[in-house]
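Worksheet for the structure shown next.
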There are 2 protein chains.
Amino acid sequence: MVTATRNTSDRKQEIVDVAVKLFLKRGVAQTSMRDLAKAIGVTTGSLYHHFRSKDEIIDFVVQRGAKSVDRLMEFRRNLGNVSPTEALRECLNYWLRHIHAARNYSVFWVREAHLIARSMYLQPIQKTTQDFINFFTDLINEGVKDGEFEVTNPALVAFNIWALAQEWGLRKWVRNMFTIDEFIEQQTGFIIKQISPGRVQANRMPYELGVNE
Amino acid sequence: MVTATRNTSDRKQEIVDVAVKLFLKRGVAQTSMRDLAKAIGVTTGSLYHHFRSKDEIIDFVVQRGAKSVDRLMEFRRNLGNVSPTEALRECLNYWLRHIHAARNYSVFWVREAHLIARSMYLQPIQKTTQDFINFFTDLINEGVKDGEFEVTNPALVAFNIWALAQEWGLRKWVRNMFTIDEFIEQQTGFIIKQISPGRVQANRMPYELGVNE
DNA sequence: GTCTATATAAGGATAGAC
DNA sequence: GTCTATCCTTATATAGAC
């Protein structure tokens, strides 16, 4: 460090960045203000100059993550008037890349939503999740109306997208198994195939359970 | 309570059961021995009579969860010589019902694997996950050999099964959206459709990305 | 087997010097 | 803006009585 003092917003940013890294690695509860200070190379006193409490740091991170679905919606609007299939492809690509690139910021707070359960954090987290499910449900419903998709329960597909994105962000072992490009390409293929019209004839169909019936 | 003292193994069981409930609800780190004692209606001194440490309680729970994949494999062996499609259907049904019924026991430690990261817990957790992925990968590969399935990357399908089961167990909001029966039936349909041979012709196929290519 | 009381450590937060 | 020093609370864990 060259100067004894620094720009406030720089330091604030640094605190948040390092905090997120530690939160993701060890969990929010297991990351103490002392740990955080040590990782940055300052003392706790300094931390409390920039943030009034640990909660305020957490809140800062949560608020940032909560904006991600808004950006997804904006992305979809900017696509303009494309077919539902193309919109779905593009949005899947956008979202999975977003989760991959920003996994430090976007994932930990979903994992820990219940652990840091206070209304202050829970409300934006629940809203974000709900917005996400609604967004993809609507998108798939458009395709159903156009006849491009055929699916009984669009919300379940939306849930599946949510689930696979979350797990991709959370689990390092998955990211070691596939590249992000493979992952996106094949998952997109799977999702599209799931909801494409036309029954796929399996060699046997031994049960009364029909597909999507 | 009728008697002042109780059977040791009963109490041990009770401690573990209540501990798991609290772990799932609030997280391991946020569950103190005081909380646990209070929830059971004893004092911490009593807890330490049955377990030498909090870690020993956690370990007990983790070990129990680690057995679940072994039972899945046993279930599959007992199915005998059925077609891969039927085996997949049955195993999916078995696993999702297991996760649903035992979600308190089977899910929390996967969520918190990184948070309680010590080699002592991590090793069985990683092994369990790996066994699970390998199990479904093998099962799908059988079907590919028989021509019942057609898929480039069976491990990715196995991952998807893992992901949707995990999220089902972890997220109450999903369980409010669907019944477990709906969930199993439709997810099974999705998975089978994903890996069934034959291209589904979408109305448009605007990209160079082929399905499973 | 369970209790009370307490040792010991760790974490959040603050006061005040520089 | 950062430091040192410290308060206060909570947590794990133990000792010893009943």
Side-chain angles (χ1 to χ4, degrees), chain A residues 1-62 108 112 115-118 120-121, chain B residues 1-62 108 112 115-118 120-121:
Chain A
M1 217 181 321
V2 182
T3 57
T5 65
R6 328 179 14 143
N7 182 296
T8 298
S9 71
D10 276 4
R11 179 64 87 187
K12 250 192 124 158
Q13 193 59 50
E14 188 185 5
I15 292 171
V16 172
D17 288 343
V18 176
V20 168
K21 242 172 233 161
L22 295 183
F23 287 169
L24 187 71
K25 198 170 162 190
R26 327 203 294 231
V28 174
Q30 291 83 347
T31 303
S32 70
M33 294 296 268
R34 281 176 176 82
D35 291 338
L36 180 54
K38 198 174 173 185
I40 296 170
V42 295
T43 59
T44 60
S46 180
L47 293 189
Y48 281 96
H49 176 77
H50 295 280
F51 291 94
R52 262 180 303 190
S53 64
K54 187 181 174 183
D55 270 351
E56 203 172 278
I57 300 179
I58 300 170
D59 191 47
F60 199 93
V61 179
V62 170
F108 97 92
E112 302 211 43
L115 307 185
I116 55 174
R118 300 151 161 257
M120 156 189 188
Y121 312 128
Chain B
M1 214 172 335
V2 183
T3 56
T5 66
R6 330 179 13 144
N7 182 294
T8 299
S9 71
D10 275 3
R11 180 64 89 187
K12 249 191 126 161
Q13 193 58 50
E14 188 185 6
I15 292 171
V16 173
D17 288 342
V18 176
V20 168
K21 242 173 232 161
L22 294 183
F23 287 168
L24 187 70
K25 199 170 161 189
R26 326 202 293 230
V28 174
Q30 291 83 346
T31 303
S32 70
M33 294 297 266
R34 281 181 178 85
D35 292 337
L36 179 54
K38 197 174 174 185
I40 296 170
V42 296
T43 60
T44 60
S46 180
L47 293 188
Y48 281 96
H49 175 76
H50 295 279
F51 292 93
R52 263 180 302 190
S53 64
K54 186 181 173 183
D55 270 350
E56 201 173 280
I57 299 178
I58 299 171
D59 191 47
F60 198 94
V61 179
V62 169
F108 97 91
E112 301 211 44
L115 307 185
I116 55 174
R118 299 151 161 258
M120 156 190 187
Y121 311 128

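Order of the sequence lines fixes the chain letters, A, B, ..., with proteins taken first and strands second; residue numbering starts at 1 for each chain. Just so it is clear, the values below take in all heavy atoms, side chains as well, and ignore hydrogens, waters and symmetry mates.
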Working for side chain to side chain contact (heavy atoms under 4.5 Å, CB included), residues B/Asp35 and B/Gln30: CA-CA 9 Å; B/Asp35 292 337; B/Gln30 291 83 346; over 6 Å; no
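- In this entry the distance linking CD1 of B/Ile57 with P of D/dA13 reads 9 Å, nearest Å.
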Stepwise side chain to side chain contact (heavy atoms under 4.5 Å, CB included) test for B/Asp59 and B/Asp55: CA-CA 6 Å; B/Asp59 191 47; B/Asp55 270 350; over 6 Å; no
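- Under the 3.5 Å distance criterion, the side-chain polar atoms of B/Lys54 are matched with a main-chain donor or acceptor of B/Thr31.
- Residue A/Glu14 contributes atom CD, which lies 13 Å from atom C1' of D/dT2 at whole-angstrom precision.
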Nucleic acid footprint by protein, nucleotides 3-18 of chain C - heavy-atom cut-off 4.0 Å, B for base, S for sugar-phosphate alone: BB------BBBB----
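- Screening B/Leu22, B/Val16, B/Val20 against B/Val18 for a side-chain contact (heavy atoms from CB on, under 4.5 Å) leaves a single residue, B/Leu22.
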Step-by-step side chain to side chain contact (heavy atoms under 4.5 Å, CB included) determination, B/Ile15 to B/Arg11: CA-CA 6 Å; B/Ile15 292 171; B/Arg11 180 64 89 187; 4.1 Å; yes
